[in-house]
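Working notes, structure below.
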Amino acid sequence: GTLEDLARKHRDFLGRISKEGFRPVPPLRCFEVVGYRRASDPPPRPCVVFKLLDEDDDTVSYPHAKLIHVAGMVRHLAIKLMAGDPPRDLRGRSVEEWVEQYVAGHAAATKDAAAPHGQFSYVPLPSIGMAHTDPAIRRVMIVAPYGDEAWLQHLARRLDGRLLEPEKDVKLPPGARLVRIPENRRDGVRTCYTQASRVWSSFTPIILPGHDDRKPAKTCKLIEKALAQSGVDNPCEFTWSPFSRFPKAYSAHKYVRTEKKEGEKKAPAGYIRPNHLLNQTAVHLTLRFESEVPGPLLIGAGRHCGFGLMAADSE
């Protein structure tokens with residue numbers, strides 16, 4: 001459609017001045033942005049970032065301990081939209097199969113459960129960048145595997161401006177919706193998660209693919225496995241700890257299994273973890289690469305819903 005759009009733009013340009021006066025020429029609409037990099041540099045993962053705004057265009061803040069609520073709402077909306085309006089080329093898959101596996105993230109029943117499979121990741125972004133920043137969720141990032149930029153853009157265009165549909169336990173202001181942040185607009189929080197850096201540290205804990213039985217050697221092997229499953233194949237050194245290098249992040253051992261129960265004086269502190277990831281070991285990681293690696297970096301079993309989110313670390 002680019003050639004036709006160029007012809008339209010040329011016609012608009014020739015007719016910009018008439019008896020009625022000057023008519024501005026609408027910009028080119030049908031084109032693709034292509035980035036260039038050195039062959040030795042790893043490519044960045046395709047991603048788009050949305051702000052959470054209410055009906056008055058004020059920013060919505062949601063507790064980062066409950067980040068899976070935001071991930072779940074965006075995932076639900078994506079499933080709903082893509083089931084009714086999928087991309088044209090699904091590479092031989094049926095719409096039902098593509099939505100079930102790629103959008104919803106459910107692995108095929110015949111597939112090895114441990115093997116990685118391509119899918120969208122719905123990643124709430126805690127606010128960081130300043131020493132006293134409140135780390136509440138005000139943005140959400142959707143990440144796609146390498147080579148799936150077209151599918152990501154198709155979804156992003158349809159999510160832009162859509163109202164979130166909270167469940168009864170989720171409290172959002174009226175008119176809470178997703179508003180896309182243009183790629184050419186500066187956003188400090190997005191930059192913290194997407195810029196290139198030699199050192200990366202986790203803000204949300206990495207959920208490892210198993211339990212380490214409190215044995216350091218086993219922890220090390222599980223971390224290596226998590227890195228491989230997440231597609232991190234650049235040479236790096238890593239250190240782990242129960243604590244994040246970002247002071248306002250919760251520690252890895254402060255997960256809670258449920259919300260505050262009726263009659264309790266105070267709910268336990270920490271991130272709410274999905275039920276299927278409750279019994280796996282979680283750690284905070286710092287990765288040090290030989291050369292700069294671009295973000296976003298998502299590591300571990302919960303990376304498709306906001307866990308294992310890494311941020312550039314200036315140390």
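In what follows, every heavy atom counts, from backbone to side chain, and hydrogens, waters and symmetry copies are set aside.
Two residues are said to be in side-chain contact when any heavy atoms from C-beta on lie closer than 4.5 Å; D85 and H154 meet this criterion. Counting only heavy atoms from C-beta outward, the side chains of F203 and C192 never approach each other to under 4.5 Å. With a 4.5 Å cut-off on side-chain heavy atoms, Y193 and I128 count as touching. Counting heavy atoms from C-beta on, the side chains of F238 and T286 never come closer than 4.5 Å. In this structure, the side chains of P166 and M73 come closer than 4.5 Å at one or more pairs of heavy atoms. R158 has its side chain within reach of M82: a pair of non-hydrogen atoms, C-beta onward, lies under 4.5 Å apart. Side-chain contact between I137 and L125 is absent, with no heavy atoms from C-beta onward closer than 4.5 Å. Under the 4.5 Å side-chain criterion, counting only non-hydrogen atoms from C-beta, I299 is in contact with M310.
Judged by a 6.0 Å distance limit and a 45° cone about the ring axis, R245 is not positioned over the six-membered ring of W200.
The hydrophobic cluster containing I17 also includes F22, under a criterion of side-chain heavy atoms closer than 4.5 Å among ILVMFWY residues, counted directly or through chains of members. If you chain together ILVMFWY residues whose side-chain heavy atoms come under 4.5 Å of each other, V25 ends up grouped with F13, L14.
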Next item on the list: Evaluate the salt bridge (charged side-chain N to carboxylate O under 4.0 Å, His left out) criterion for residues D12 and R16: first the C-alpha distance (whole Å), next the side-chain angles of each, then the deciding distance (0.1 Å), finally the verdict.
Entry: CA-CA 6 Å; D12 291 344; R16 70 193 184 283; over 6 Å; no

Next item on the list: May I have the step-by-step check of side-chain contact (heavy atoms from CB on, under 4.5 Å) for L208 and V283, ending in yes or no?
Entry: CA-CA 8 Å; L208 301 179; V283 298; 4.2 Å; yes

Notebook entry, point to check: Would I142 and L159 satisfy side-chain contact (heavy atoms from CB on, under 4.5 Å), going step by step from the backbone distance to the final call?
Noted result: CA-CA 11 Å; I142 302 179; L159 282 175; 3.2 Å; yes

Next item on the list: Take N275 and L278, measure what side-chain contact (heavy atoms from CB on, under 4.5 Å) needs, and give me the verdict at the end.
Entry: CA-CA 5 Å; N275 290 334; L278 287 175; 4.0 Å; yes

Next item on the list: With salt bridge (charged side-chain N to carboxylate O under 4.0 Å, His left out) as the test, would you mind laying out the steps for R288 and D313 before giving the verdict?
Entry: CA-CA 10 Å; R288 293 177 175 83; D313 189 345; over 6 Å; no

Checklist line | Working for side-chain contact (heavy atoms from CB on, under 4.5 Å), residues D187 and K51 | finding: CA-CA 10 Å; D187 185 87; K51 272 190 174 181; 4.1 Å; yes

Next item on the list: Verify salt bridge (charged side-chain N to carboxylate O under 4.0 Å, His left out) between R91 and D148, making sure each step is shown before the conclusion.
Entry: CA-CA 11 Å; R91 303 173 194 165; D148 292 343; 2.8 Å; yes

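Looking only at distances, no side-chain donor or acceptor of R139 sits under 3.5 Å from a matching main-chain atom of R190. Between the side chain of R273 and the backbone N or O of Q280 there is at least one donor-acceptor pair closer than 3.5 Å. Remark: side-chain polar atoms of S127 are paired, donor with acceptor, to backbone N or O of A136 under 3.5 angstrom. Formation of a donor-acceptor pair under 3.5 Å by the T219 side chain with backbone atoms of D212 is not found in this model. A distance-only check finds no donor-acceptor pair linking the side chain of R138 to the backbone of L53 [under 3.5 Å]. Looking at S121, its side chain never comes within 3.5 Å of a backbone N or O of V123 through a donor-acceptor pair. With S230 contributing its side chain and G300 its backbone, the two residues share a donor-acceptor pair below 3.5 Å. In this structure, S202 contributes its side chain and H284 its backbone to no donor-acceptor pair below 3.5 Å.
Between Y271 and F307, the ring-plane angle classifies as perpendicular under the 30° and 60° cut-offs.
The shortest heavy-atom contact between P209 and Q229 is CB-OE1, 3.9 Å. Annotation for W240 and L285: closest pair CB-CD2, 3.7 Å, computed over non-hydrogen atoms.
Follow the hydrophobic side-chain contacts under 4.5 Å out from L6 and you reach F31 in the same cluster. Residue L81 is grouped with residue L90 when hydrophobic side chains (ILVMFWY) are merged at heavy-atom distances under 4.5 angstrom, including chains of intermediate members. Cluster annotation: Y250 is connected to F246 through the hydrophobic network of ILVMFWY side chains, with a link wherever side-chain heavy atoms come within less than 4.5 Å. Note on I79: it clusters hydrophobically with V95, by side-chain heavy-atom contacts below 4.5 Å among ILVMFWY residues.
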Counting only pairs under 3.5 Å, give me each side-chain donor-acceptor contact of residues 174-184, with atom names and distances, residues two or more places apart or in other chains.
residue: R177; atom: NH1; partner: D54; partner atom: O; Å: 2.5
residue: R177; atom: NH2; partner: D57; partner atom: OD1; Å: 2.3
residue: R180; atom: NH1; partner: Q153; partner atom: OE1; Å: 3.2
residue: R180; atom: NH2; partner: Q153; partner atom: OE1; Å: 2.7
residue: R180; atom: NH2; partner: E183; partner atom: OE2; Å: 2.9

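The pair K248-D134 fails the salt-bridge criterion, with no side-chain N (NZ, NE, NH1 or NH2) lying under 4.0 Å from an Asp/Glu carboxylate O.
Within 6.0 Å of NE2 on H10 lie no more than 12 heavy atoms contributed by other residues, nucleotides or ligands.
Listed by chain and residue number, nothing satisfies the side-chain contact (heavy atoms from CB on, under 4.5 Å) test with R88 (two or more places apart in sequence, or in another chain). Remark: K215 engages no residue in a side-chain hydrogen bond (donor to acceptor under 3.5 Å, both in side chains) (not counting sequence neighbours).
The list of ring-ring contact (aromatic ring centres under 6.0 Å, His included) pairs with a residue in residues 120-145, not counting sequence neighbours, reads Y102-F120.
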